[in-house]
K.L.:
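After the structure tokens below, expect a handful of questions from me.
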Protein chains: 2
Amino acid sequence: MSKPPGAPPAHGERTRELIVQTALRLFAERGYERTTMRAIADAAGLSVSNAYYYFRSKDQLVQEFYAEIQRRHREEAAEALGRDGFVDRLRGVLHAGVTVMAPYHDFAGSFVGVAINPRSGSSPFSDESTAAREAAIGLFRDVVEGAKPAVDRQVRADLPELLWLAYLGVTLYWVHDTSYEQDRTRRLIDLATPFVARLIRLSRLPGMRPITTDLLWLVRKVRS
Amino acid sequence: MSKPPGAPPAHGERTRELIVQTALRLFAERGYERTTMRAIADAAGLSVSNAYYYFRSKDQLVQEFYAEIQRRHREEAAEALGRDGFVDRLRGVLHAGVTVMAPYHDFAGSFVGVAINPRSGSSPFSDESTAAREAAIGLFRDVVEGAKPAVDRQVRADLPELLWLAYLGVTLYWVHDTSYEQDRTRRLIDLATPFVARLIRLSRLPGMRPITTDLLWLVRKVRS
DNA sequence: ACTGTGATTTGAACTAGTTCAAATCCAGGG
DNA sequence: CCCTGGATTTGAACTAGTTCAAATCACAGT
């Protein structure tokens, strides 16, 4: 799959990286649509068709973008994952996500439009992005597993994936959020996080058990 | 805004309608991407630039598509809205939506991709589609208002919008549903509908009141 | 140094959405 | 009938993503 770590990167590898970095910079500077493949190639100092030698399409550059964001998200979330309480951890991770995406807000809509398409390969549900998806869900697994006091065992297994789905929802909300510096999304996170925690706690109450069980059953049933 | 009803449609009006019908037919036949503006113009017997005289962009044809689907949805939902129970009404309306969208499933992803983009104007949240959105929410208002026994007053006001959001969620699920004839989406509807009803009923229990209130408060707060 | 081979690189061409300035059409007023 | 102004219609051109066949390069083996 990859070279022994520490080996100097092959020429092709460096060119590839150069293209990604150039693309990301231009995306942030002028947005997605207005960054043409020709502009990327020019800025990177090579020909358009050469860029296409490394990336099948412009969409695939978007996938690289996701991968990069993902890396930064984990980095930015590290601090929050050092805390104890479930709510603090979840809130921190969600805010970290919004923070790393912030520079791209103006045109993130184009990305989401690409990503939502089931055929696009950069869809978070597609086979191609299995790795990225696992990584993202892993982040929320960390949120759940590391919480003290521990999260109810009944929901622990399914919670990471549900939280990841919720995070996709937050992203969708964020994309449409036109408030100053996306403050509304920040507020949504602050308000919804303790609410989620409360629901989880509630699910333990005797009267709620059957409902929780049913919901989890529904989730599992519907997942495949 | 419009002519007196019954007046014979102007020439421009007929041309416009011809383009929409042709486009919809080709969309269903070959999908969105593979239906070129040139093909639409050819099939309708006019020049490409003439089509652009009536529609600012290909995206705008997608908006016409939504409007048409919306009309058919209401038509298809009529029967379900003749029933009494809330669950039956809601389930019927959701199934009706899936039914009218079915012929377009293979390439609906492209449409959703266009629609999810906040700038695109065909986003369900955009100003341009206020009318369509109101109509869609209206459908769910009918679901709620006409139910017997009546839905709890506490949630009645906000429920239509929430159900519409849930419907968008179902649509998203449907778009990604690769099961035969989208059976999984059908199942999701069948399973989730009574669950929603149960939650609403639960919200009346004394212990739940504060949570319900909080949730509705959150919804209102976050909406603007 | 020389050559064959696979990895890179490139210019030119193709496709499809979009724009534009120049016709063309058409109805109402003279 | 002719003229005029607005509504339609059009061919040609522009842009941007993508493809392709033909160089060019780099290096392993001779």
Side-chain angles (χ1 to χ4, degrees), chain A residues 2-3 7-20 22-24 26-27 29-65 107 109-111 113-115 117 119-122, chain B residues 2-3 7-20 22-24 26-27 29-65 107 109-111 113-115 117 119-122:
Chain A
S2 70
K3 306 208 161 32
H11 182 197
E13 204 51 47
R14 275 198 290 110
T15 309
R16 194 187 161 83
E17 193 54 27
L18 170 66
I19 295 173
V20 171
T22 309
L24 257 56
L26 293 185
F27 284 163
E29 275 172 26
R30 344 175 172 173
Y32 179 68
E33 273 94 357
R34 299 198 302 129
T35 299
T36 71
M37 290 301 281
R38 283 163 178 86
I40 296 173
D42 277 1
L46 27 80
S47 71
V48 190
S49 29
N50 199 3
Y52 274 94
Y53 177 73
Y54 291 97
F55 298 93
R56 208 170 329 100
S57 67
K58 198 180 175 187
D59 279 12
Q60 212 192 319
L61 282 172
V62 175
Q63 279 183 259
E64 298 294 325
F65 170 81
F107 58 98
S110 322
F111 284 177
V114 173
N117 190 327
R119 299 160 171 275
S120 106
S122 66
Chain B
S2 70
K3 306 208 160 36
H11 181 196
E13 203 51 46
R14 274 197 292 110
T15 308
R16 195 187 160 82
E17 192 54 26
L18 170 66
I19 296 172
V20 171
T22 309
L24 257 57
L26 293 184
F27 283 164
E29 278 172 23
R30 342 175 175 174
Y32 179 68
E33 272 94 358
R34 299 198 302 130
T35 300
T36 72
M37 290 301 280
R38 283 164 177 87
I40 296 173
D42 277 1
L46 26 80
S47 72
V48 189
S49 29
N50 198 4
Y52 273 94
Y53 177 72
Y54 290 97
F55 298 93
R56 206 168 334 98
S57 66
K58 197 180 175 187
D59 279 12
Q60 213 192 316
L61 282 172
V62 176
Q63 278 184 259
E64 298 294 325
F65 169 81
F107 58 97
S110 322
F111 284 178
V114 172
N117 191 326
R119 299 159 172 275
S120 105
S122 66

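Just so you know, these numbers come straight off a predicted model, no measurement behind them. Numbers restart at 1 for each chain; the letters A, B, ... are given by sequence-line order, proteins then strands.
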K.L.:
Is a donor-acceptor contact shorter than 3.5 angstrom present between the side chain of B/Ser49 and the base of D/dG11?
P.N.:
yes

K.L.:
Across the strands shown, which category fits B/Phe55 at heavy-atom distances under 4.0 angstrom: base, sugar-phosphate, nothing?
P.N.:
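It contacts nothing in the nucleic acid.
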
K.L.:
Distance check needed: C/dT18 P versus A/Glu33 CD, whole Å only.
P.N.:
11 Å

K.L.:
Let me know, please, whether A/Ala51 or A/Arg38 comes out on the 5' side of the other along DNA chain C by nearest nucleotide.
P.N.:
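Result: A/Ala51.
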
K.L.:
For the pair made of OH in A/Tyr52 and P in D/dA16, what is the distance, rounded to whole Å?
P.N.:
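Interatomic distance, OH of A/Tyr52 to P of D/dA16: 12 Å.
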
K.L.:
So does B/Leu26 get a backbone contact from the side chain of B/Thr35, meaning a donor-acceptor N/O pair under 3.5 Å?
P.N.:
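Checking the backbone N and O of B/Leu26 against the side chain of B/Thr35, a donor-acceptor pair under 3.5 Å is found.
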
K.L.:
Between atom CE in A/Met37 and atom C1' in C/dT10, what is the gap in whole Å?
P.N.:
15 Å

K.L.:
Taking the side chain as every heavy atom from C-beta outward, state whether A/Tyr54 and A/Val20 have any pair of such atoms under 4.5 Å apart.
P.N.:
no

K.L.:
Compare all side-chain heavy atoms of B/Gln63 with those of B/Phe55 and state whether any distance is below 4.5 angstrom.
P.N.:
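No. Closest side-chain heavy atoms not under 4.5 Å.
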
K.L.:
What nucleotide among C/dT10, C/dT18, D/dT18 has an atom nearest to a side-chain atom of B/Ser57?
P.N.:
C/dT18

K.L.:
If I take atom CG in residue A/Leu61 and atom P in nucleotide D/dA16, what distance separates them, rounded to the nearest angstrom?
P.N.:
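Interatomic distance, CG of A/Leu61 to P of D/dA16: 16 Å.
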
K.L.:
Starting at the 5' end of DNA chain C and moving along, which residue's nearest nucleotide shows up first, B/Thr35 or A/Leu46?
P.N.:
A/Leu46

K.L.:
With respect to the side chain of A/Ser47, which nucleotide from C/dT18, D/dT8, C/dT10 is positioned closest?
P.N.:
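So the side chain of A/Ser47 is nearest to C/dT10.
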
K.L.:
Rounded to the nearest angstrom, tell me the gap between atom CZ in A/Arg14 and atom C1' in C/dT9.
P.N.:
15 Å

K.L.:
NA contact type, A/Thr36, heavy-atom cut-off 4.0 Å: base, sugar-phosphate, or nothing?
P.N.:
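Here A/Thr36 touches the backbone only, sparing every base.
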
K.L.:
Let me know the distance between CG of A/Leu26 and C1' of D/dA16, rounded to the nearest Å.
P.N.:
15 Å

K.L.:
How many angstroms lie between CZ in B/Arg34 and CZ in B/Phe27, if you round to the nearest 0.5 Å?
P.N.:
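Nearest 0.5 Å value for the CZ-CZ distance: 13.0 Å.
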
K.L.:
Grab the CZ-P distance between A/Arg34 and D/dT15 for me, whole Å please.
P.N.:
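Computing the A/Arg34:CZ to D/dT15:P distance gives 15 Å.
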
K.L.:
Closest to the B/Lys58 side chain: D/dG11, C/dT18, D/dG17?
P.N.:
C/dT18

K.L.:
Nearest 0.5 Å, what's the CZ-CG distance between A/Phe107 and B/Asn117?
P.N.:
12.0 Å

K.L.:
Specify the separation, in whole Å, of atom CG of B/Asp42 and atom C1' of D/dT10.
P.N.:
13 Å

K.L.:
To the side chain of A/Asn50, which of D/dT18, C/dG17, C/dT10 is closest?
P.N.:
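The closest nucleotide is C/dT10.
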
K.L.:
Choose from D/dT18, C/dT9, C/dT10 the nucleotide whose nearest atom is closest to any side-chain atom of A/Tyr53.
P.N.:
C/dT9

